[in-house]
Amino acid sequence: MLLDGRNQNAHGGPPLIVDPDSELLARAQAGDVTAFEGLVERHRSRIYNLALRMLNSEDDAAEVLQDSFISAYRNLPHFRGDAQFGSWVHRIAANHALMRLRHRKVVSQVESPLDEPTFNDRGSLVDEVSDFKDAEGEAMDAELRRAIEQASAGLGADYREVFVLKDLEGLSYEEIAEITGASVPAIKSRLHRARLSLRAAIDHFYADRA
Amino acid sequence: MSHHTCKDSISLMLEYIDGELTQDVRARLEAHFGDCSPCEEFLKSYRATPTLCRKALAKKMPGEVATKLTDFLRRELKKA
């Protein structure tokens, strides 16, 4: 994150964050709709990806995209620049996606049981572990992509939200705690179980292919 | 110094990767990984999982979604 002493705030406090969107933002806050559209264009793809990963539905993702930018527009006068515009709108979108995910959880709960490793009585690993060698460097195999998509879609809402926000979106545990209302230890526990389950899905993919 | 089981080791992987373990616990864990190749492989695959998922779940936004968004915002902003 860029910090610049030339951008000290009016009270001589710590330097403000230099936001690459600052010019468009200032114009948008002054009522320039075209400037707001410029901001939308810069951030819409990232917001769409967040919503799609969280909700696993293109229709829902498109609606979250619309809701997020309308919320951002309505709240522009209250945006004080103590975060970057991109982070702020990203957070708005995370909240919208989370609300929708939780609503869906209440309406119909279709979740797969989490896949966790198995151990013998002495606590030793019983499972065979596949070699993920070179997997990160390879172009993504279409079947592996599908296996991961299915495993991610099958995660319960509590697990998927922390996995998406931490592992895919790169938020800190504290930011996730603020958005989800869960404690940091609970978030870590869910993230660990989500990773175990996704790791198992990838492991099964390689084991089946061997 | 008590030894970690595979179960203990796997339960500590998140904190291990995050660098949040005490030196003593980390040393015991690393000793276990050194002696247990399934756990060493498990750790590699556990570490690789977020990267593989990021790659698998990255999608390009369809052009029609972008167009619909622009149309929607233009309509709504006129009302505002």
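Naming convention: chains lettered A, B, ... in sequence-line order (proteins, then strands); numbering from 1 in each chain.
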Proximity breakdown for A:R146 and chain B, heavy-atom pairs closer than 4.5 Å: neither

A:R122 and B:T5, any side-chain heavy atoms less than 4.5 Å apart: no

Engaged part of A:I70 at the chain B interface, taking heavy atoms whose separation is under 4.5 Å: both

Option that, when pairs with chain A are counted at under 4.5 Å, heavy atom only, ranks first among B:A58, B:S9, B:C53: B:C53

Working for side chain to side chain contact (heavy atoms under 4.5 Å, CB included), residues B:L73 and A:Y73: CA-CA 9 Å; B:L73 289 174; A:Y73 185 77; over 6 Å; no

Separation of B:T49 OG1 from A:I148 CD1 (nearest 0.5 Å): 8.0 Å

Main-chain N/O of B:E15 paired to A:H192 side chain as donor or acceptor, under 3.5 Å: no

Region of A:L52 in contact with chain B, defined by heavy-atom distances below 4.5 Å: side chain

Nearest atoms (heavy-atom pairs only) where A:R145 meets B:A56: NH1-O, 3.2 Å

Lys/Arg-Asp/Glu bridge criterion (N-O < 4.0 Å) met for A:E37, B:R74: yes

Which of B:T70, B:I17, B:V65 touches chain A most, by non-hydrogen pairs under 4.5 Å: B:V65

Pairwise distance NZ(B:K55) to CG(A:L168) - rounded to 0.5 angstrom: 14.0 Å

More than 12 heavy atoms of other groups within 6.0 Å of A:E23 CD: no

Contact leader toward chain A among B:C36, B:S37, B:P38, where contacts are heavy-atom pairs under 4.5 Å: B:P38

Under 4.5 Å from any heavy atom of chain A - which part of B:D18: side chain

Pair B:R54 + A:E169, salt bridge at N-O below 4.0 Å: no

Heavy-atom contact with chain A under 4.5 Å, split by part of B:E64: neither

Chain B contact via A:R53 - which portion, at a heavy-atom distance below 4.5 Å: side chain

Largest heavy-atom contact set with chain B, pairs under 4.5 Å, which of A:V164, A:L196, A:V33, A:N56: A:L196

Stepwise side chain to side chain contact (heavy atoms under 4.5 Å, CB included) test for B:E76 and A:R74: CA-CA 11 Å; B:E76 291 298 311; A:R74 290 183 181 143; 3.9 Å; yes

Distance, nearest 0.5 Å, that separates CG of B:L14 from NZ of A:K188: 7.0 Å

A:S152 and B:L57: CA distance, side-chain angles, deciding distance, side chain to side chain contact (heavy atoms under 4.5 Å, CB included) verdict: CA-CA 9 Å; A:S152 167; B:L57 300 173; 3.8 Å; yes

Contacts of type side chain to side chain contact (heavy atoms under 4.5 Å, CB included), residue A:S172, not counting sequence neighbours: A:E174, A:E175

Closest approach of A:Y48 to B:K60 (non-hydrogen atoms, all atoms of both residues): CE2-O, 4.4 Å

Contacting region of B:F72 [heavy-atom separation from chain A under 4.5 Å]: side chain

Chi angles and distances behind the side chain to side chain contact (heavy atoms under 4.5 Å, CB included) call for B:M61, A:L65: CA-CA 11 Å; B:M61 186 173 69; A:L65 191 63; 3.9 Å; yes

For the student: nearest non-hydrogen atoms of A:F119 and B:C6, plus distance: CE2-C, 3.8 Å

Pick from A:L198, A:D203, A:L191 with the largest number of heavy-atom pairs that fall under 4.5 Å of chain B: A:L198

Interface moiety of A:S124 toward chain B, non-hydrogen atoms closer than 4.5 Å: both

B:K59 and A:E149: CA distance, side-chain angles, deciding distance, salt bridge (Lys or Arg N to Asp or Glu O under 4.0 Å) verdict: CA-CA 11 Å; B:K59 292 277 180 343; A:E149 282 171 355; 2.7 Å; yes

Which of B:P62, B:P50, B:A66, B:S45 touches chain A most, by non-hydrogen pairs under 4.5 Å: B:S45

